[in-house]
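Because the structure is a prediction, the values reported are computed rather than measured.
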Amino acid sequence: MDRPVLAPVGAGRGRDFRECPVDRWRWRDRQTWATGLALLGLVALALALRLPGIERRPMHNDEANQAYKAGLLMDTGRYRYDPFEHHGPTLYYLTLPEAWLQARGHFADTEILTYRIVPLIFGVLLIVLLVAVRDALGTVATVAAGVWIAVSPAMVYFSRFYIQEMLLVCFSFGLLAALWRYHRAPGYGWAVVAGLCAGLMHATKETCILAWGAMAVAAAVEGYRQRRRPERTAAPWERERLYHLGAAAAAAMIVSVTFFTSFFTHWRGPLDSVLTYTTYLNRGVAPDTTHNHPFWFYLRILTYAKPARGPAWGEDIILVLGAVGALAAWIRPRSLQGSPVALRCLSLYAVVLTLVYSAIPYKTPWCLLSFWHPWLILAGAGTQVVVLGSRRVWLRALLALLLAAGAANLARRALLASGRYAAN
């Protein structure tokens with residue numbers, strides 16, 4: 001058999017070649033490895049921004065409440081879900097391995113590091129999980145998204161905060177990644193992974209339903225858009241897909257029930273995890289609470305916040321790049337390296353979550369992480385559009401340098417927020 005060679009496509013087209021299947025797959029493998037190595041470097045950067053002085057800041061009262069609940073689990077081996085406070089149990093159970101390593105599971109012997117290392121691990125996992133969606137974003141956008149996640153002051157600060165939010169964001173992204181992989185190759189494997197992530201979301205925090213709702217809206221809008229295209233015909237819903245859905249639902253239920261029953265020792269827990277929504281609904285819309293803030297509260301924090309002492313804070317560059325990535329998915333999909341379908345769904349997910357969280361009167365600063373994370377990924381797509389949108393090499397280099405300077409400025413702010421002004 002003759003050895004396959006690269007065949008040019010037309011004359012005078014420079015590097016435009018059609019590769020044989022073997023060579024093409026080798027190139028994809030090289031891209032995957034290169035992306036993986038770049039993301040590992042970004043994991044190191046994320047740790048360098050998140051680890052130093054992690055024990056220095058005194059615990060916030062909400063952190064201390066969560067640590068106390070974890071301590072009760074350590075000392076008694078028992079956990080009872082409280083439908084009025086404290087949220088789901090995953091944070092406490094996932095703290096146990098670290099507590100056993102550092103203090104042999106005794107609450108009195110634990111340190112601040114015992115607790116804060118848990119959200120830090122999940123904050124860094126957000127960068128690792130980008131590997132699962134590289135084909136949805138494109139190589140440049142994937143690495144750029146990893147940069148923004150690594151240096152975002154909000155992500156850095158709350159990766160050092162012992163609350164459920166970072167776990168919820170990580171499990172939500174895990175669900176999105178599993179759904180994308182299932183979309184690419186339907187099967188029981190990715191359906192079960194999606195179910196496991198959904199179950200972990202539910203066992204982490206009650207606001208998981210907001211993320212599920214935003215995902216459902218994004219899927220419905222994109223599905224309607226696809227059906228409206230004249231060249232597409234609606235594919236029949238296969239019976240096997242129903243089996244996949246059943247497997248996902250079973251996996252989610254098993255995970256949720258396992259945690260809420262305290263590993264099958266407290267069967268009231270799953271019922272309380274449903275009844276709790278009356279409590280949180282009333283709290284979310286209750287007038288005149290100390291946590292009620294106007295609609296623009298989160299966006300003001302993310303764009304410009306100037307306390308009485310200290311520098312001004314803001315992550316405007318991410319909002320701008322995120323908007324560029326979202327608009328490109330709808331208006332100029334050919335400017336993207338990744339999948340316009342995936343990025344359109346992600347943009348809808350980000351917008352819906354932003355609007356919902358902003359509309360709820362009851363607000364705490366860390367809640368913004370749930371909608372801020374998809375904007376960080378969209379900012380990766382926006383970075384790719386901005387840098388590679390010009391045909392002039394010198395302009396690409398200049399834009400890349402300017403964005404690198406912006407990322408460095410965010411990293412500096414992240415260090416200030418976690419260091420000198422950590423208790424501001």
Side-chain angles (χ1 to χ4, degrees), residues 39-67 70 91 94-95 98 102 110-128 145-170 173 297-319 363-373 375-377 379 404-424:
L39 293 179
L40 282 178
L42 293 174
V43 166
L45 173 62
L47 290 172
L49 292 174
R50 288 158 172 77
L51 272 175
I54 194 172
E55 296 181 313
R56 191 175 304 162
R57 175 178 55 81
M59 270 198 164
H60 186 278
N61 59 334
D62 283 340
E63 287 186 284
N65 281 331
Q66 304 299 341
L91 180 66
L94 292 173
T95 304
E98 181 68 20
Q102 289 196 358
T110 58
E111 301 174 352
I112 290 179
L113 178 63
T114 307
Y115 304 98
R116 288 183 178 159
I117 199 69
V118 178
L120 185 147
I121 290 172
F122 283 91
V124 173
L125 274 177
L126 290 171
I127 298 175
V128 178
V147 171
W148 300 123
I149 293 171
V151 304
S152 166
M155 301 300 289
V156 172
Y157 191 85
F158 290 116
S159 289
R160 300 153 54 97
F161 220 80
Y162 187 66
I163 52 175
Q164 284 84 359
E165 216 65 37
M166 196 58 69
L167 277 67
L168 177 64
V169 174
C170 188
F173 187 35
F297 175 74
Y298 293 127
L299 294 178
R300 184 177 61 192
I301 291 175
L302 292 168
T303 54
Y304 182 82
K306 182 67 173 73
R309 298 180 61 184
W313 306 100
E315 305 185 35
D316 311 67
I317 187 173
I318 292 173
L319 274 178
K363 296 179 176 68
T364 51
W366 45 82
C367 286
L368 63 84
L369 296 180
S370 287
F371 68 81
W372 190 232
H373 176 252
W375 283 112
L376 290 163
I377 300 176
N409 184 48
L410 287 183
R412 180 186 67 85
R413 292 184 180 183
L415 288 173
L416 288 174
S418 299
R420 183 184 306 176
Y421 299 100
N424 191 314

TODO: Please tell me if the side chains of S152 and E315 come closer than 4.5 Å, counting only heavy atoms from C-beta onward.
DONE: yes
Open item on the list: I'd like to know if the side chain of Y162 reaches the main chain of N65, judged simply by a donor and an acceptor atom lying under 3.5 Å from each other, with no hydrogens or angles considered.
Closed with: no
Task: Approximate separation, where rounding is to 0.5 Å, of L49 CG and M155 CE - done: 12.5 Å
Task: Within-4.5 Å side-chain heavy-atom neighbours: S418 and R50 - done: no
Open item on the list: On a heavy-atom basis, which atom in I317 and which in G406 lie closest, and how many Å separate them?
Closed with: CD1-CA, 4.0 Å
Open item on the list: Distance check, rounded to the nearest 0.5 Å: W313 atom CH2 versus R413 atom CZ?
Closed with: 8.0 Å
Task: Value rounded to 0.5 Å, distance of CG in L45 from CG in L40 - done: 12.5 Å
Task: Heavy-atom side-chain contact between L415 and V156 under 4.5 Å - done: no
TODO: May I ask you to test the V169-W372 pair for a side-chain heavy-atom distance under 4.5 Å?
DONE: no
Open item on the list: Are the side chains of I149 and H373 in contact, using a 4.5 Å heavy-atom criterion?
Closed with: yes
Open item on the list: Quick one, L113 and I54 - any side-chain contact, counting heavy atoms below 4.5 Å?
Closed with: yes
TODO: First locate atom CD1 of I117, then atom OG1 of T95, and finally report the distance between them rounded to the nearest 0.5 Å.
DONE: 11.0 Å
Show which side-chain atoms of residues 297-304 pair as donor or acceptor with protein atoms under 3.5 Å away, not counting sequence neighbours.
from, atom 1, to, atom 2, distance (Å)
Y298, OH, T364, N, 3.4
Y298, OH, T364, O, 3.3
T303, OG1, L299, O, 2.6

- [ ] Of all the heavy-atom pairs spanning A70 and Y115, show the shortest one and how long it is.
- [x] CB-CE2, 4.2 Å
Task: Heavy-atom pair with the smallest gap, counting every atom of L126 and F173 - done: O-CE2, 3.6 Å
- [ ] Identify the heavy atoms of Q102 and T114 that sit nearest to each other, and give their distance.
- [x] OE1-OG1, 2.5 Å
Task: Rounded distance [0.5 Å steps], CG in D62 versus CD in Q164 - done: 9.5 Å
Task: Spatial distance of atom CG (L369) from atom SG (C170) [nearest 0.5 Å] - done: 12.0 Å
TODO: Identify the two heavy atoms, one from A422 and one from R57, that lie closest to each other, and give their separation to 0.1 Å.
DONE: O-CD, 3.1 Å
TODO: Applying side chain to side chain contact (heavy atoms under 4.5 Å, CB included), run through V151 and N409 and close with a yes or a no.
DONE: CA-CA 9 Å; V151 304; N409 184 48; over 6 Å; no
Open item on the list: Applying side chain to side chain contact (heavy atoms under 4.5 Å, CB included) to V124 and S159, what does each step give before you reach the verdict?
Closed with: CA-CA 8 Å; V124 173; S159 289; over 6 Å; no
Task: Heavy-atom pair of closest approach, residues G146 and I127 - done: O-CD1, 4.0 Å
TODO: May I ask you to decide if P52's main-chain N or O and R160's side chain share a donor-acceptor pair within less than 3.5 Å?
DONE: yes
Open item on the list: Suppose we screen for ring-ring contact (aromatic ring centres under 6.0 Å, His included). Which residues come up paired with W366, at least two apart in sequence or across chains?
Closed with: H60, F161
